[in-house]
Structures are given as structure tokens and as C-alpha cells.
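Each remark here refers to the structure printed beneath this line.
Atoms considered below: every heavy atom in the structure, side chains included; atoms not considered: hydrogens, waters and symmetry mates. Per chain, numbering begins at 1; letters A, B, ... match sequence-line order.
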Amino acid sequence: MSQRIKPRTLKGFRDYLPQAMLAREQLIDTAREVYRSYGFAPIDTPALEYLEILTGKGSEETDKQLYKFQDHGGRWVGMRFDLTVPLARFVAQHYQQLGAPIKRYHIAPVWRGENTQRGRYREFVQCDFDTVGTESLTADIETALVIHDLLRALGFQQFTIRVNNRRVLNGLLEHLGLAEQATAVLRALDKLAKAGPQPVAEEMARTARASQEQIQHVLRLAEIQGDWHSVLAQAEQLVGASQVGRQGIEELRRLGQAVQAAGVPPQRLQLDLSIARGLDYYTGTIFETFLDQLPGIGSVCSGGRYDNLVEVYSPQHLPGVGASLGLDRLLAAMEELGMLPGRATPAHVLLVNFQEQDLEHYLAIAARLRAQGVRVDLYPEPKRMDKQLKYADRRGFRFALIAGPDELAAGHCQLKDLQQRRSTEYPLDETLQELAQAILTADA
RNA sequence: GUGGCUGUAGCUCAAUUGGUUAGAGCGCCAGACUGUGGAUCUGGAGGUCGGGGGUUCGAGUCCCCUCAGCCACCCCA
């Protein structure tokens with residue numbers, strides 16, 4: 001070999017080893033189950049879209065982060081940076097066949113060419129669920145419930161879903177005569193939690209040319225603290241006579257009431273009038289979800305209502321609402337919190353290999369166990385047993401199945417529980433039902 | 001995209017003021033122990049000191065560039 005190529009991966013792109021991938025797949029399975037329990041159905045869309053489909057939808061910033069290039073036919077194409085914009089295109093293209101409302105989930109990778117950090121990558125998987133084609137607040141309420149169920153199903157106890165409504169913000173800005181500069185004001189406001197009031201006020205003065213009085217008014221809204229009820233009461237005064245603002249407040253009132261009535265503990269759902277979200281397409285309810293133990297990692301599940309996004313591609317009015325679970329960010333958090341299992345194998349049992357001439361026996365035993373749902377890993381070569389047991393141990397197998405010449409001759413086998421460190425004898429009969437039951441029971 | 005910090009074996013880290021053939025622990029492979037795992041001992045594999053260039057008699061060590069990681073800004077999952 002003249003020149004060996006150095007194996008490496010691009011910045012922000014990663015390989016996933018078995019242990020990590022098992023955790024990812026388990027998380028995906030959980031998300032899928034929760035989505036399905038609410039009736040969301042799966043879809044998929046291409047990684048590449050015509051560039052014009054993607055640009056100008058999220059924000060100026062997302063346009064800059066877009067991976068784009070000319071394909072072999074000279075077409076300008078881009079890699080999707082989220083799953084919501086492709087969904088809008090998808091709905092516009094297929095709503096005749098689908099009918100409304102459309103409830104779909106979509107678990108797939110997205111790409112953003114931005115700088116990397118802990119829990120921030122250039123290729124990452126989002127787990128989106130959305131309801132398109134209804135303006136009903138029920139869809140917003142269910143979105144909150146799904147987020148809640150999802151985090152609970154993943155094993156989280158301490159998390160906070162922060163809720164706001166763009167209409168409240170827009171109402172206030174309208175009331176203050178800042179409707180024109182809404183984007184700039186909201187962008188500055190979004191930084192309040194991190195930066196504090198001083199820098200935010202300065203940014204508003206600079207980018208939105210807001211007066212001191214206007215700024216103070218906006219900041220007052222964001223600083224409102226308290227329970228759901230009192231926050232709304234105070235916000236009501238600040239938005240004044242604004243029609244939009246009052247609608248937003250009413251929506252939040254109904255949403256808060258319904259979600260709590262559905263059994264979500266009040267402390268998990270917080271009204272936070274300062275969250276605005278950087279994406280331009282949101283029009284109503286907005287959600288962000290933070291882990292109480294790791295607030296610094298950012299939101300692990302965000303979303304909101306976007307009533308006009310599909311109209312970019314279709315004359316139909318197709319309002320939508322949904323949210324996106326950040327799989328990779330969540331996994332980074334779970335790893336930090338020690339919530340990930342250390343297993344590196346999906347198999348329940350390692351079948352020890354004693355000698356080449358008994359291969360057919362091993363294959364038959366494995367086949368019978370698999371037929372009953374047991375995942376069996378047959379060691380490929382007759383190595384020393386201590387090596388094989390060490391292999392099983394290191395990878396986190398619960399069981400090793402020992403069926404050497406002695407056992408085969410006697411018509412039974414040893415099931416070795418590597419966790420409890422003891423063996424039990426089982427008959428090697430036609431079905432191996434007793435053995436399979438023992439393995440599957442211990443696994444559950 | 002901007003700024004700061006970091007970069008030695010798979011992992012965690014050593015290596016006097018620049019000075020011969022770059023070390024340790026853990027892990028991996030093998031043996032002691034040819035049918036019973038997290039122990040012990042012995043041996044082995046694995047590094048172009050992230051990569052490239054420069055200064056120097058001599059660079060892991062100093063300088064520049066580049067790549068990657070972390071942090072902040074920005075934005076976001």
C-alpha cells in the first residue's frame with residue numbers, strides 16, 4: 001500500500017458505536033410508541049430538496065446554515081435543516097390524497113452547517129410530530145401532552161415545558177406601535193434568560209430602534225412571574241386593547257387549564273412570556289422544554305403553531321402545530337445524567353461454542369430459541385470457554401448458554417445467569433419452551 | 001461566521017531550561033488455566049507526538065498555517 005488514507009469524520013458528523021446506537025434506537029422506539037398512542041402516523045421525505053423549498057422559511061440564520069450545492073444536473077439543491085419545512089411542502093403536495101387533519105411523525109436526520117458544541121452537531125436526528133389542517137386548540141393541547149408523555153416515557157421526572165403564545169407578544173408589540181419591528185424585538189427578547197435585561201434593552205434600542213419606554217414595557221411582560229393564572233392576569237393589562245393579544249391570552253388560558261386537567265403536574269408546565277423562538281414561521285402557541293438538572297444544554301423539545309407556513313406552497317389554508325424532540329441533544333443529556341444502560345449487545349444470551357463438530361446442534365438450539373423471541377448470539381469459533389464468557393460479560397449479556405459435549409449427550413443444558421452468577425439446568429427438548437421462558441422472564 | 005482554551009497509544013495522562021531508540025495505568029490480544037466471566041502474573045500488538053510548514057546542530061517541547069474538540073457570542077434540537 002503506497003499511501004494509507006487516514007480514517008476520519010467531518011466536523012460535527014459522528015459515528016455511532018453499538019452501545020450508543022442501541023441507546024439511540026431505544027429512544028426512537030419510545031418516541032415512536034408515544035406518537036402512535038396519539039394516532040400520529042409515520043412519513044418520510046427526501047434529505048435533498050429544491051433549494052427554493054428550503055430558503056427563507058426559518059430565518060436569515062437558517063439560510064446561512066443550509067448545506068447547498070448544485071447536483072449533477074445543475075439544479076440548486078439543499079439538505080433539509082429541519083423536518084417542519086419539508087412537512088409543509090409535503091402537505092401542500094399531498095393533502096388531496098391525505099385529507100385533513102394530517103397527524104404525522106417523522107424521525108430523520110437534518111443538517112445545519114453551524115459551529116459545533118456539546119450537544120450540537122451538524123448532522124442530528126429530530127423526532128417531529130405535527131398536526132396539520134386544523135386551527136383547533138385541541139391540537140395545541142395534545143402537542144403539550146405528547147411532549148409530557150414523551151419525556152416521562154424516556155424516564156425523566158424533572159423537566160419544565162415552557163409555553164408562550166406569539167399572539168401575546170404580537171399583541172403587545174401592536175399595542176406599543178412596534179409591530180413593524182416584531183422580528184428584531186422578539187429576537188432580542190429571546191436572549192433575556194441568558195443575557196439579562198441590560199444587553200437585551202440595548203439590542204432592542206439598536207436593532208429595532210425602540211424607545212426606552214417601549215423597551216421597558218416589553219421587558220415588564222417578560223419579567224412577570226407567578227402561577228399560570230396570575231401571569232395571565234398581568235399580561236392582560238399589558239397588551240391593552242389589542243385583539244390579537246387578547247386572543248393569545250385566551251388561548252393560553254384554555255391550554256393551561258386543559259393540560260392540567262389531563263393530569264400534568266402544574267410545575268411541569270410553565271407560562272414564560274419571554275420565550276419567542278428564533279424561527280419566523282411560528283404564529284401562536286410556542287413550546288420549549290428544559291431539563292431541570294441540565295438547563296445549559298438548551299431545549300430538548302421545541303415547537304409551536306405555524307398557521308401560514310403551508311401557504312408558501314399551496315393556496316389552501318393549512319394551519320399546523322407540532323414539536324420536535326432533539327434526539328442527539330437528549331442522548332448527550334442522558335449520558336451526562338447516567339441514564340443510559342451500558343449494554344453493547346441486543347442479544348439475551350450467548351451460546352457458547354465448544355467444538356466445530358457440534359455446530360449443527362448449536363444452530364438448532366439457536367433457531368428454536370429465536371422462534372420464541374429469544375435473541376441468541378452464537379459465538380463463531382470454539383475458543384476457550386473463559387474467553388467466551390469474558391466476551392459475554394464485557395458486552396453486558398445477561399445469560400450464557402452452555403451446551404457442550406457432556407450436556408448434549410445428557411440431553412440438557414446449563415443456563416448461566418451472568419448477573420446472579422449461578423447456573424440452572426434445563427432440558428434440551430423439542431421446543432426449548434421452558435428455557436426460552438426463563439430467559440424472557442428475566443429480561444422483562 | 002467571530003473570539004478564547006485545548007490536541008501525546010482505543011481511553012485517562014506523563015516526558016527536567018528544546019537534547020539519544022516517547023513512557024505509565026486502564027482497555028485489547030495471547031499464555032499461565034485445552035469445560036465455566038468482573039482476580040493475579042507474564043508476554044504481545046498498537047504512536048509518522050492531530051496534520052503541514054518554519055526556526056534550530058537538534059522540536060512532543062518554540063513560531064505560523066490547517067484540521068478537530070471544548071467554551072462564549074450567534075443561533076438552535
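- Distances were taken from every side-chain heavy atom of A:D386 (C-beta onward) to each of B:A77, B:G35, B:C33; the shortest belongs to B:C33.
- Using a 4.0 Å heavy-atom distance criterion, A:K64 is classed as making no nucleic acid contact.
- Atoms NZ (A:K383) and P (B:U36) sit 17 Å apart, rounded to a whole Å.
- One interatomic measurement links the two molecules: CD1 of A:I275 to C1' of B:C75, which rounds to 16 Å at whole-angstrom precision.
- Atoms CG (A:D377) and C1' (B:G37) sit 15 Å apart, rounded to a whole Å.
- Look at CD1 on A:I107: it is 17 Å from P on B:A77, rounded to the nearest Å.
- Rounded to whole Å, atom C1' of B:A77 lies 12 Å from atom CG of A:L151.
- Side chain of A:R375 to main chain of A:P346: a donor-acceptor pair is present (N/O by atom type, distance under 3.5 Å, no hydrogens or angles).
- Consecutive pairing runs in RNA chain B reach the stem threshold at B:1-7 with B:67-73, B:10-13 with B:23-26, B:28-32 with B:40-44, B:50-54 with B:62-66, where a stem means at least three Watson-Crick or G-U wobble pairs with distances under 3.5 Å.
- Stacking between A:F354 and the base of B:G35 is absent under the criterion of ring centres within 5.5 Å and planes under 30 degrees.
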* Structure fact -> Given protein heavy atoms under 4.0 Å, the one-letter contact record of nucleotides 67-74 of chain B, with B base, S sugar-phosphate only and - none, is simply -SSSBBSB
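- For the segment residues 319-332 of chain A, residues with any heavy atom less than 4.0 angstrom from an atom of RNA chain B are, sorted by number, A:G326, A:R329.
- Here B:C33 is the nucleotide among B:G35, B:C33, B:A77 with the atom lying nearest to any side-chain atom of A:R384.
- Atoms CZ (A:R112) and C1' (B:A77) sit 6 Å apart, rounded to a whole Å.
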